[in-house]
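We count ligands from 1, going down the list as the structure has it; atoms in each ligand are counted the same way. Computation of the quantities below employed the complete heavy-atom set of this structure, encompassing side-chain atoms and omitting hydrogens, waters and symmetry-equivalent molecules.
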Amino acid sequence: MHTKSLKQLSALLQSRQVSATELAQHFLARIDTSDLNAFLHVDPELTLQQAAVADQRLACEDHTALTGIPIAHKDIFVTRDWRATAGSRMLANYTSPFDATVVERLGKAGMVTLGKLNCDEFAMGSSNQNSFFGPVRNPWDKNAIPGGSSGGSAAAVAARLAPAVTGTDTGGSIRQPAAMCGITGIKPTYGRVSRFGMIAFASSLDQGGPMAQSAEDCALLLSAMAGFDERDSTSLQRPDEDFSRDLNNDLRGLRIGVPREYFGPGLAADVELAVRAALADYEKLGATLVDISLPNTELSIPAYYVIAPAEASSNLSRFDGVRYGHRAEKYSDLTEMYKRTRAEGFGEEVKLRILVGAYVLSHGYFDAYYLKAQKIRRLIAQDFQQAFTQCDVIMGPVSPTVAWNLGEKADDPVANYLADIYTLSTSLAGLPGMSVPCGFGQGDINGKRPVGLQLIGNYFEEAKLLNIAHQYQQATSWHLMQPAD
Ligand code: GLN
């Protein structure tokens, strides 16, 4: 049951061959015996209540394609019924009075929540090692990180603990863990998916999206997740879309831009091999490869690591011990209460970013860092527009290497930042991007470590990206492979 696609599960539910309750029980049992640390909160009673409601809807034909299908949410989406910690001690006991729009929309479609998923603290990280609740293991190789920050999300789908999950991507956090765990994920155009109730990291970059086994599954989920939301001021005023509509278009004549800068010396040989093989598969499907250049790619790292911390320092100022979240027990006055609360509640990486953010926004440094970074951001966006005059889609690696070992790079923020080189520019430009499994690298001799192919489209071209990914998945079987139980 846990290996089935959403479409298959949907058919089984609607023909009453399986009930939502049975499905939920099946996945809950798998979660219960898992040692990956992917889930932070499960509440079987609550899950089964939702499943019972879904079963009633299925019985009276009041359902959508997603009714009765289990889903788990990254713990950065606030939920009324489950805690929402954002992977932080600051919110370790926090439960929201309302659901995030994404949670609400998927709930209305009839999806059944399995629980909440581990992630890097406030989504800051690329390995899930910054979670207050401990790292997540990669199901392909338990000595490896799952990627991050949506590491729990990716590991849960890869280990078939959930058929669908949500993630968020600020600079790669859907695409990179999807790549490292061998699953499929899409970060939509900025503004497609409501940020309301998504605990904010860097508001001009944060974007929620689905992660699942295949592009076809992601299309189904995105159609339910995306849409205008008046409670999010940057939500796009566009009509709802069926993102599955173009899945079966054939790819003859498709021009694939292959950016030179994505195949430089920093790219590991095993990753390059798998990505080039995928590009060759696309040629067999009728596409042509076009050499393109995204000249400011390298600058995406310094620009992102100025802009994201700047926004984070502002967003995280709300965690002061007054309104909600952690509050220090001992203090003599208000100022000391703030200081102790924040010193105790935030982890090292979060503190580092608050300091960097406050610094680059401060008087005297604003022009030199923040303003400069914003100008680079514009240049990066222009590079993409230039590239899209020559091609229909851009492809390359998601990450320069396969998943690294647990414990590795844990004390080296810069080493982590450099590994984001291929994902940050898409986020800075606000473009949609996907990760599709395309093979395995060497990794450790004991375990296989997956490689992801990145697809980048122009604004609002999610349906096209999903089509391009789906056609590849019809012709190959990487997305069907799964780690040993
Ligand atoms: N790795 C990047 C960072 O640490 C991106 C994280 C994300 O997309 N949330 O900020």
Side-chain angles (χ1 to χ4, degrees), residues 73-77 86-88 117-131 135-136 145-154 165-180 185-188 190 193 195 198-211 300-313 315-316 346-357 360 373 377 398-401 403-404 408-435 452 454 456:
H73 296 293
K74 183 175 182 179
D75 209 22
I76 202 137
F77 289 98
S88 180
L117 296 158
N118 205 344
C119 58
D120 281 305
E121 186 174 5
F122 291 104
M124 299 178 190
S126 323
S127 70
N128 215 120
Q129 297 186 107
N130 297 336
S131 168
V136 173
I145 55 131
S149 64
S150 312
S153 303
V165 297
T166 53
T168 62
D169 191 312
T170 303
S173 281
I174 287 177
R175 292 161 285 158
Q176 186 257 26
M180 290 187 169
I186 180 163
K187 176 199 99 73
Y190 178 80
V193 168
R195 290 185 298 110
M198 221 171 88
I199 298 170
F201 161 15
S203 309
S204 76
L205 297 154
D206 295 344
Q207 189 55 201
M211 301 162 80
S300 64
I301 298 178
Y304 174 90
Y305 280 102
V306 165
I307 293 168
E311 295 185 17
S313 74
N315 272 325
L316 270 55
F346 291 136
E348 289 302 307
E349 181 65 24
V350 173
K351 285 179 190 159
L352 175 72
R353 297 200 191 195
I354 291 172
L355 287 173
V356 170
V360 299
R377 182 178 192 173
V398 174
S399 167
T401 64
W404 51 90
E408 209 181 318
K409 300 188 194 179
D411 304 322
D412 188 350
V414 175
N416 277 277
Y417 301 169
L418 292 175
D420 294 337
I421 177 81
Y422 306 132
T423 50
L424 298 178
S425 47
T426 322
S427 295
L428 287 167
L431 292 167
M434 270 194 90
S435 177
Q454 184 169 206
I456 303 167

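Checking only distances, Asp420 does come within under 3.5 Å of ligand 1, N or O to N or O. Polar contact check, Phe201 against ligand 1: no nitrogen or oxygen pair lies under 3.5 Å apart. Considering backbone and side-chain atoms together, Met124 places no N or O closer than 3.5 Å to any N or O of ligand 1. Of the polar atoms of Ser173, at least one N or O is found under 3.5 Å from an N or O of ligand 1, judged by distance alone. At under 3.5 Å, a nitrogen or oxygen of Arg353, whether backbone or side chain, sits near a nitrogen or oxygen of ligand 1.
Close approach of ligand 1 to Gly171 is summarised as follows: ligand atoms under 4.0 Å from at least one heavy atom of the residue are 5 (C), 7 (C), 8 (O). Close contacts of ligand 1 with Gly125, meaning ligand atoms under 4.0 Å from a residue heavy atom, involve 1 (N), 2 (C), 3 (C), 4 (O), 6 (C). Atom numbering of ligand 1 starts at 1 in the shown order; those under 4.0 Å from a heavy atom of Ser126 are 1 (N). Residue Ser149 has at least one heavy-atom neighbour below 4.0 Å for each of these atoms of ligand 1: 9 (N). For ligand 1, the atoms sitting less than 4.0 Å from at least one non-hydrogen atom of Tyr305 are 1 (N), 2 (C), 3 (C), 4 (O), 10 (O), numbered in the order shown with element in parentheses. Interface of Ala123 with ligand 1, defined as ligand atoms under 4.0 Å from a residue heavy atom, comprises 6 (C), 7 (C), 9 (N).
Residue Tyr304 holds the heavy atom nearest to atom 10 (O) of ligand 1 of all those in Phe122, Tyr304, Tyr417.
Looking at Ser173, its side chain does come within 3.5 Å of a backbone N or O of Ser149 through a donor-acceptor pair. At least one donor-acceptor pair under 3.5 Å links the side chain of Glu121 to the backbone N or O of Gly347.
In summary, the side chains of Glu311 and Ser203 do not present any donor paired with an acceptor at a separation below 3.5 Å, with no hydrogens or angles considered. Residues Ser300 and Arg377 have side chains that never bring a donor and an acceptor to within less than 3.5 angstrom of each other. No side-chain donor from either of Ser153 and Lys74 sits under 3.5 Å from a side-chain acceptor of the other. When only modelled atom types and interatomic distance are considered, Arg175 and Thr426 share a side-chain donor-acceptor pair under 3.5 Å.
For Tyr305 and Tyr417, the gap between ring centers is short of 6.0 Å.
Between the OG atom of Ser427 and the NZ atom of Lys187 there is a distance of 4.5 Å, given to the nearest 0.5 Å.
Remark: distances from the non-hydrogen atoms of Gly172 to ligand 1 include one below 4.0 Å.
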Run the numbers on Thr170 and Asp206 for side chain to side chain donor-acceptor pair (under 3.5 Å), then give the verdict. CA-CA 4 Å; Thr170 303; Asp206 295 344; 2.6 Å; yes
